[in-house]
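Sequence positions, counted from 1, serve as the residue numbers for this chain. Start at 1 and go down the list; that is how both ligands and their atoms are numbered. Reckoned from all heavy atoms, side chains included, excluding hydrogens, waters and symmetry mates.
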Amino acid sequence: MGTQGKVIRCKAAVLWKPGAPLAIEEIEVAPPKAKEVRIKIVATGFCGTDIKSMDTKGFSQFCPIIMGHEGAGIVESVGEEVSTVRTGDKVIILCIPQCGKCDTCLNSKNNICAEIRQSKRHLASEDTSRITCKGKLIHQYIATGTLSEYTVIQEISVAKIDQGAPLEKVFVIGCGFATGYGAAVNTAKVTPGSTCAVFGLGGVGLSVIIGCKAAGAAKIIAVDINKDKFAKARSVGATYCVDPRDLETPIEKFLIDMLNGGADFCFEVTGNTETVATALGSCHKDHGVCVIVGLVGSWSNITINSQLFLSGRILKASVLGGWKTKEEFPKLVSDYMAKKFNLDLLITHTLTLSEANEAVQLMKSGQCIRCVLLP
Ligand code: PAD
Ligand code: ZN
Ligand code: ZN
């Protein structure tokens, strides 16, 4: 390739201030330094978390920033000391790194690697970034910033995948699919024959349903205030769909009556604080497990009546589905290739990177589950 060792000029979708539309800008992407990788992004898109952050006032401290953290691409070049990927490899972007050395990485119980500190600053290269635009340093969302033709990220934030993998499908494993599927199979550990209720039927909630079904759940109740999501929920495995606003009783009571005391497993995937108590209250009083998925990014306080716990319900949270990313995302890609689950139903629209603002509107209007953005 003729670009190695040189600055690459290319396009990216840049957020200059919260609430503003994304600007399609020409950026400069410097070559990767030690332990860094420069990647040509082939497929990316928006997750609900991007959409929330872009409209949050406090996010201005990270602007200008390239949004996006679900992405897949091809390695263009690598810096010194990089050993796990090389030029030409197909890769998936990891929005939680796996350094393999910190206490969390060395313990099987959790996936939040200590190196996530870079993600919180939205800088991919040890307090800086290899990307500039109009003379300004550009941040990279969650230390990734996939809404760009090229990006430079840490080697610990990228994993080599099956070289035959269709990137325009498997990019969604990078966050939405892995988050939902893992919340069901890793965090809740859904059991065969059990009953589940999923609140929120975006890309993440639908992936929870796929996980519940794969784990052998007998009943999967899909809950959303947008009925347009119900057909899709049924197609991925929901056995019953309900809009709480159509009920005369609170949804908790409805589910307790319907599921003989409540669901064995409930999932909050809407991102609303109030829905956490609702989902917990919809669990079986003795043993029900409620997993918070949607709220994790917003650092909100939750108010929950202690009575909900006293009888035995359990409340847990799940970040990126609990996966050890560098090790396990390539396996998820291989599982997709082996047809163990179907991602195609999650990808409802296709646009180009230059049409990123249209993709934002599609997400906000509730019409789209995931829109893949191609170069
Ligand atoms: P999305 O906006 O596509 O889906 C949210 C869904 O919730 C929509 O279908 C809404 O109609 C529905 N909804 C909203 N309010 C209610 C309500 N009161 N009752 C029932 N349904 C409702 O987003 P997404 O699927 O991409 O992401 C969902 C959440 O998960 C979002 O909050 C995002 O920030 C979070 C997330 N968490 C992680 C993690 O690691 N925990 C990863 C990725 C996304
Ligand atoms: Zn680590
Ligand atoms: Zn996400």
Opening angle at the Zn ion (ligand 2) [SG, Cys102; SG, Cys105; to 10 degrees]: 100°

Proximity flag Gly176 to ligand 1, non-hydrogen atoms under 4.0 Å: no

Listed pairs under 3.5 Å, donor-acceptor, residues 169-187 side chains, sequence neighbours left out:
from, atom 1, to, atom 2, distance (Å)
Thr179, OG1, Cys175, O, 2.7
Asn186, ND2, Gly321, O, 2.8
Thr187, OG1, Ser318, OG, 2.8

Heavy-atom gap Arg370 to ligand 1 smaller than 4.0 Å: yes

Carboxylate-amine/guanidinium contact Lys253 Asp257, below 4.0 Å: yes

Option whose closest heavy atom lies nearest to atom 18 (N) of ligand 1, chosen from Thr270, Asn226, Val242, Asn272: Asn272

Between Gln98 and Trp323, a side-chain donor and acceptor under 3.5 Å: no

Glu80 side chain to Lys33 backbone, donor-acceptor under 3.5 Å: no

Glu36 side-chain N/O to Ser125 backbone N/O, donor-acceptor pair under 3.5 Å: no

Interfacing atoms of ligand 1 (cut-off 4.0 Å, heavy-atom, Gly271): 32 (O)

Closest to atom 20 (C) of ligand 1 (judged by heavy-atom distance), picking from Asp224, Val319, Thr49: Asp224

side-chain hydrogen bond (donor to acceptor under 3.5 Å, both in side chains) between Glu76 and Thr87, intermediate numbers included: CA-CA 5 Å; Glu76 177 271 341; Thr87 302; over 6 Å; no

Residue selection (non-hydrogen contact nearest atom 38 (C) of ligand 1) among Ile112, Thr179, Ile142: Thr179

Protein N/O/S neighbour count - the Zn ion (ligand 3), strictly under 2.8 Å: 3

Atoms of ligand 1 close to Leu320 [distance to a heavy atom under 4.0 angstrom, numbered from 1]: 39 (C), 40 (O)

Among Ile51, Val293, Val269, Asp228, closest by any non-hydrogen atom to atom 5 (C) of ligand 1: Val269

Ser207, Gly200, Gly366: member with heavy atom nearest to atom 7 (O) of ligand 1: Gly200

